[in-house]
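Working notes, beginning with the structure itself.
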Amino acid sequence: MERVLKVGILALQGAVAEHKRSIEKAGAEAILVKRVEQLSELDGLILPGGESTTIGRLMRHYGFMEAIPAFYASGKAIFGTCAGLILLADHIESGETAHLRLMDMTVMRNAFGRQRESFETDLKVAGVADDLRAVFIRAPLITSVGSDVEVLAMYQDEIVVARQERLLAASFHPELTEDDRLHRYFLDIIKATV
Ligand SMILES: NC(=O)CC[C@H](N)C(=O)O
C-alpha cells in the first residue's frame with residue numbers, strides 16, 4: 001500500500017489552516033511547520049499566501065532562508081501560493097522583501113493594482129484542469145521566466161502558474177476553494193520524488 005505523504009505548511013503567517021484543509025482533502029497528512037527541524041520529516045512543503053515581507057522577515061529570523069534551499073536541494077518539492085510565489089522567486093521587481101531565490105523567474109507584487117484588489121475566475125492550467133477556480137487577492141504576477149520554467153497558466157496574457165522541476169508556483173489562492181486539483185497536482189510532483 002502507498003504510504004500517506006507528509007506535506008508541511010510553513011506556519012509563520014498567512015493562509016495556513018486553509019492549505020491544511022486542502023492537503024487533507026487531497027489525501028495527504030498536513031503538518032504545520034514553525035521550526036526548521038520539522039523539515040526533515042516532510043515529503044513536500046507549501047509556502048502559503050499572506051504578506052510576503054512579513055513571512056520573509058520571519059523566515060530569516062527562524063533560519064528558513066538556509067533550511068528551505070537545503071530542503072529543495074535534497075530532492076524535495078515546494079509549492080508557493082501568492083506571497084509564497086513571491087518568496088520562491090529569483091527576482092522581485094522593486095522592494096526589499098527577503099526571498100529564497102529558488103525559481104528562475106521575476107515577479108511583481110500587487111500587480112493587479114487597487115481597482116482589482118481581489119477577484120475570482122476560472123483558469124485553464126496545463127495538465128491540471130480546464131476550469132480551475134482561482135481566487136486572486138492582491139496577487140503578484142510572474143513577469144518573466146527562465147528557460148527551465150514551464151508556464152502552466154496565463155490570465156489575460158500574464159503568467160499566473162509556473163513550474164520548474166519540483167517547484168510549483170501560483171499567484172492565486174487555491175486553498176480558498178473546494179477545488180483541490182492544484183494540490184493534487186502538487187502531490188503528484190511529490191510522489192515522483194519519493
Ligand atoms: N494574498 C497574498 O498572498 C498577497 C501577497 C501580498 N500582496 C504580498 O505582496 O505579500
Side-chain angles (χ1 to χ4, degrees), residues 7-23 30 32-34 44-62 64-65 68-69 77-123 125 128 132-145 149 151-156 158-164 167-183 185-186:
V7 179
I9 299 150
L10 189 68
L12 301 177
Q13 191 264 342
V16 174
E18 294 85 349
H19 270 298
K20 180 173 189 290
R21 200 188 53 114
S22 298
I23 280 295
L32 303 190
V33 175
K34 293 178 191 270
L45 178 67
I46 291 178
L47 307 178
E51 216 292 308
S52 57
T53 306
T54 304
I55 300 175
R57 196 181 309 122
L58 292 168
M59 281 168 71
R60 185 182 273 158
H61 182 77
Y62 290 107
F64 285 104
M65 285 298 177
I68 291 176
I78 306 177
F79 181 17
T81 62
C82 203
L85 168 148
I86 297 169
L87 294 162
L88 281 180
D90 185 42
H91 187 70
I92 303 172
E93 283 184 29
S94 75
E96 292 299 311
T97 303
H99 54 293
L100 293 161
R101 299 183 184 278
L102 281 174
M103 198 162 163
D104 189 5
M105 62 183 181
T106 298
V107 302
M108 190 199 289
R109 293 180 61 193
N110 303 317
F112 291 93
R114 289 201 163 270
Q115 309 88 310
R116 302 204 69 192
E117 283 231 311
S118 64
F119 59 95
E120 287 189 40
T121 189
D122 287 335
L123 286 178
V125 185
V128 179
L132 187 85
R133 194 70 184 155
V135 180
F136 290 79
I137 304 170
R138 293 187 301 285
L141 279 178
I142 302 169
T143 52
S144 68
V145 294
V149 177
V151 172
L152 300 186
M154 311 277 292
Y155 173 74
Q156 295 182 345
E158 310 280 3
I159 304 168
V160 292
V161 184
R163 174 176 175 181
Q164 179 181 336
L167 300 170
L168 180 64
S171 45
F172 51 89
H173 284 261
E175 78 286 6
L176 295 185
T177 69
E178 291 303 312
D179 194 341
D180 63 354
R181 287 176 288 180
L182 202 55
H183 285 85
Y185 180 77
F186 180 55

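Sequence positions, counted from 1, serve as the residue numbers for this chain. Atoms within each ligand, like the ligands themselves, are counted from 1 in listed order.
- Atoms of ligand 1 found under 4.0 Å from any heavy atom of E51, numbered from 1 in the order shown, are 10 (O).
- A side chain to side chain contact (heavy atoms under 4.5 Å, CB included) with M105 holds for exactly one of T143, L85, I159; it is L85.
- Protein heavy atom nearest atom 2 (C) of ligand 1, with residue, atom name and distance: C82 SG, 2.7 Å.
- Using a 4.0 Å cut-off between a side-chain N of Lys or Arg and a carboxylate O of Asp or Glu, E51 and R57 do not qualify as a salt bridge.
- In this structure, NE2 in H173 is found 6.0 Å from OG1 in T81, a value given to the nearest 0.5 Å.
- At the shortest separation from atom 6 (C) of ligand 1 among protein heavy atoms lies G50 O, 3.6 Å.
- For S52 (side chain) and L87 (main-chain N/O), no donor-acceptor pair under 3.5 Å exists by modelled atom type.
- Side-chain contact between I137 and L176: present, with at least one pair of heavy atoms (C-beta onward) separated by less than 4.5 Å.
- The existence of a salt bridge linking R21 and E175 is excluded, since no basic side-chain nitrogen approaches an acidic carboxylate oxygen closer than 4.0 Å.
- The protein atom (non-hydrogen) at minimum distance from atom 10 (O) of ligand 1 is S52 N, 2.5 Å.
- Residue I55 does not touch ligand 1, judged by heavy-atom distances below 4.0 Å.
- With hydrogens and angles disregarded, no donor-acceptor distance shorter than 3.5 Å links the side chain of Q13 to the backbone of T54.
- Closest to atom 9 (O) of ligand 1 among all protein heavy atoms lies R109 NE, 2.7 Å.
- Taking a cut-off of under 4.0 Å to the non-hydrogen atoms of G49, the atoms of ligand 1 that pass are 3 (O).
- Considering backbone and side-chain N/O of I137, one or more are found under 3.5 Å from N/O of ligand 1.
- If you check each of M108, H173, E117 against atom 1 (N) of ligand 1, the one with the closest non-hydrogen atom is H173.
- Nearest protein neighbour of atom 7 (N) of ligand 1, counting heavy atoms only, is N110 OD1, 2.6 Å.
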